[in-house]
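All heavy atoms count here, side chains included; hydrogens, waters and symmetry mates do not.
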Amino acid sequence: MKNIHSIEFYTGSKEELLPGFEKDFPYIASRAELDKYIGHYVPWHWHKTVELFYMESGSIEYDTPGGKLLFPAGSGGIVNSNVLHMTKAISQKEKNIQLLHIFDVSLLAGEQGSRIEQKYIAPIITAPQIEVIPLFPGNAEEEERILKLLAASFRLSSDEFGYEIKLRETLTEIWLMLFELSRPMREKKGEHNKSNDKIKLMMIYIHEHYREKISIPELAAAAYLSERECYRVFHDCLHMTPVEYIKAYRLQAACQMLAKGQEAVTVISHECGLGSSSYFGKVFREYTHCSPTEYRRKWQNSDR
């Protein structure tokens with residue numbers, strides 16, 4: 001299991017890049033230490049793979065277009081395929097460690113179009129109403145059983161004989177239990193929300209052009225929308241305005257540059273599309289509650 005302290009993305013996108021993910025066994029296990037992520041959070045992103053997780057310690061918040069969910073230690077869940085989400089540590093005074101199985105459903109379903117895929121996989125991953133299936137200790141007996149099996153699954157060693165088969169068997173057992181647990185969610189009919197496709201197009205546009213001046217008409221045009229629809233999609237999916245997201249994304253980029261490089265603050269402010277160093281200093285302090293120089297010192301001197 002790999003310890004991770006940051007997230008990587010495909011160029012110009014917010015689809016997560018998964019180093020070590022191989023076609024012949026489309027799976028990786030991660031131990032995410034959210035305390036060591038810059039800013040103690042993982043920004044908005046998505047991935048085709050499903051994300052099955054267990055909270056070993058601390059507590060985190062998951063945000064999706066459908067709302068927010070808090071996961072304390074001992075809880076877990078699954079994030080569905082292609083669902084927009086972000087996570088953040090709730091407390092910065094305790095270790096926030098999340099264990100993750102990230103895998104393509106072909107690992108369980110086999111060949112595309114197989115009977116297993118049609119009967120047991122597709123009903124979940126194609127259900128737009130299912131963003132997250134949460135699992136909490138003390139809830140239904142079935143949730144307790146899944147959590148126990150989920151926690152144990154991370155103790156499988158890649159060095160032991162038959163590891164890949166044992167892992168697939170365990171993930172399949174968990175999936176079947178989740179399939180039964182999700183039945184009431186699946187029975188609530190949901191329609192594909194075109195806003196999810198539109199917000200991704202606009203997010204990609206921002207990620208490619210954040211260094212430049214971005215107008216709302218240009219942003220809306222990237223997703224073939226009117227300005228009014230652009231505002232509505234951002235509100236519905238990310239619970240913020242396009243201008244707020246652009247500024248937040250630029251500040252996230254600035255945080256990365258300050259934590260990892262030695263460029264002057266004035267250079268970073270222009271590189272991130274935030275203009276003068278005085279304005280940059282003002283909005284950066286509002287965002288992080290410290291100056292750019294203090295932020296750099298904190299993260300470059302940390303034991304990341």
**Report entry** Residues D35, K95; criterion salt bridge (charged side-chain N to carboxylate O under 4.0 Å, His left out); working and verdict
**Finding:** CA-CA 6 Å; D35 313 85; K95 281 192 173 184; over 6 Å; no
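- Q252 and Y210 are not linked by any side-chain donor-acceptor pair at a separation below 3.5 angstrom, with hydrogens and angles left out of the test.
- In this structure the side chain of H101 never reaches within 4.5 angstrom of the side chain of V50, judged on heavy atoms.
- A side chain to side chain contact (heavy atoms under 4.5 Å, CB included) with Y27 is found for one member of L167, L108, I102 and no other, namely L167.
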**Report entry** side-chain hydrogen bond (donor to acceptor under 3.5 Å, both in side chains) evaluation trace for S114 with E111
**Finding:** CA-CA 6 Å; S114 70; E111 188 175 344; over 6 Å; no
Query - Step-by-step salt bridge (charged side-chain N to carboxylate O under 4.0 Å, His left out) determination, K247 to E244 - result: CA-CA 5 Å; K247 184 165 81 168; E244 287 170 339; over 6 Å; no
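- Atom SG of residue C237 and atom NZ of residue K200 lie 9.0 Å apart, to the nearest 0.5 angstrom.
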Query raised in the report: Step by step, would you call I130 with V83 a side-chain contact (heavy atoms from CB on, under 4.5 Å)?
Result: CA-CA 9 Å; I130 300 179; V83 168; over 6 Å; no
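- The stretch residues 155-187 participates, sequence neighbours left out, in these ring-ring contact (aromatic ring centres under 6.0 Å, His included) pairs: Y120-F179.
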Query raised in the report: Are E294 and R297 close enough, and set up right, to give a salt bridge (charged side-chain N to carboxylate O under 4.0 Å, His left out), and what steps lead you there?
Result: CA-CA 5 Å; E294 290 166 342; R297 190 180 303 121; 5.5 Å; no
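- Side-chain contact between E117 and Q112 is present, with at least one heavy-atom pair separated by less than 4.5 Å.
- Using modelled atom types and a 3.5 Å distance limit, the side chains of E160 and S157 yield no donor-acceptor pair.
- Counting heavy atoms from C-beta on, the side chains of L52 and L178 come closer than 4.5 Å.
- Using a 4.5 Å heavy-atom cutoff, the side chains of I174 and L150 are in contact.
- For the pair S195/E229, no side-chain contact is recorded, criterion being any heavy-atom separation below 4.5 Å from C-beta on.
- A distance of 6.0 Å or more separates the ring centres of F103 and F25.
- Note that NZ of K148 is 15.5 Å distant from CG of L135, once rounded to the nearest 0.5 Å.
- Comment: E180 engages R183 in a salt bridge, judged by a side-chain N to carboxylate O separation of less than 4.0 angstrom.
- In terms of modelled atom types and a separation under 3.5 Å, the side chain of S75 and the main chain of P72 share a donor-acceptor contact.
- Judged by distance alone, the side chain of Q98 and the main-chain N or O of E56 form no donor-acceptor pair under 3.5 Å.
- Inspection of the T241 and H235 side chains reveals no N or O donor paired with an N or O acceptor under 3.5 Å.
- Taking the side chain as every heavy atom from C-beta outward, L238 and I199 approach each other to under 4.5 Å.
- With contacts defined as side-chain heavy-atom distances shorter than 4.5 Å, the pair F234/L219 qualifies.
- L225 and Y231 fall into different hydrophobic clusters, where Ile, Leu, Val, Met, Phe, Trp and Tyr side chains are chained together by heavy-atom contacts under 4.5 Å.
- No donor-acceptor pair under 3.5 Å is formed between the side chain of S30 and the backbone N or O of A32.
- Interatomic distance, CD of E61 versus NE2 of H85, reported as 13.5 Å (0.5 Å rounding).
- You'll find the ring centres of F71 and Y62 inside the 6.0 Å limit.
- Residue L100 holds its CG atom at 13.0 Å from OH of Y54, rounded to the nearest 0.5 Å.
- Of all heavy-atom pairs spanning S269 and G275, the tightest one is OG-O, 3.0 Å.
- No close placement of the H45 and H207 rings is indicated, their centers lying 6.0 Å or farther apart.
- I90 and V42 are assigned to two separate hydrophobic clusters, defined by single-linkage of ILVMFWY side chains at heavy-atom distances under 4.5 Å.
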**Report entry** E271 and R211: CA distance, side-chain angles, deciding distance, salt bridge (charged side-chain N to carboxylate O under 4.0 Å, His left out) verdict
**Finding:** CA-CA 6 Å; E271 269 290 300; R211 295 178 179 87; 3.5 Å; yes
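- S291 and T293 form no side-chain donor-acceptor contact under 3.5 Å, judged by distance and modelled atom types alone.
- Going from atom OG of S182 over to atom CD1 of I133 covers 4.5 Å, rounded to the nearest 0.5 Å.
- Using a 4.5 Å heavy-atom threshold, the side chains of K298 and C290 count as separate.
- Not less than 6.0 angstrom separates the ring centroid of F280 from the ring centroid of Y287.
- When every heavy atom of R145 is checked against every heavy atom of E142, the shortest pair comes out as NH1-OE1, 2.8 Å.
- Atom SG of C272 sits about 9.0 Å away from atom CZ of R250, to the nearest 0.5 Å.
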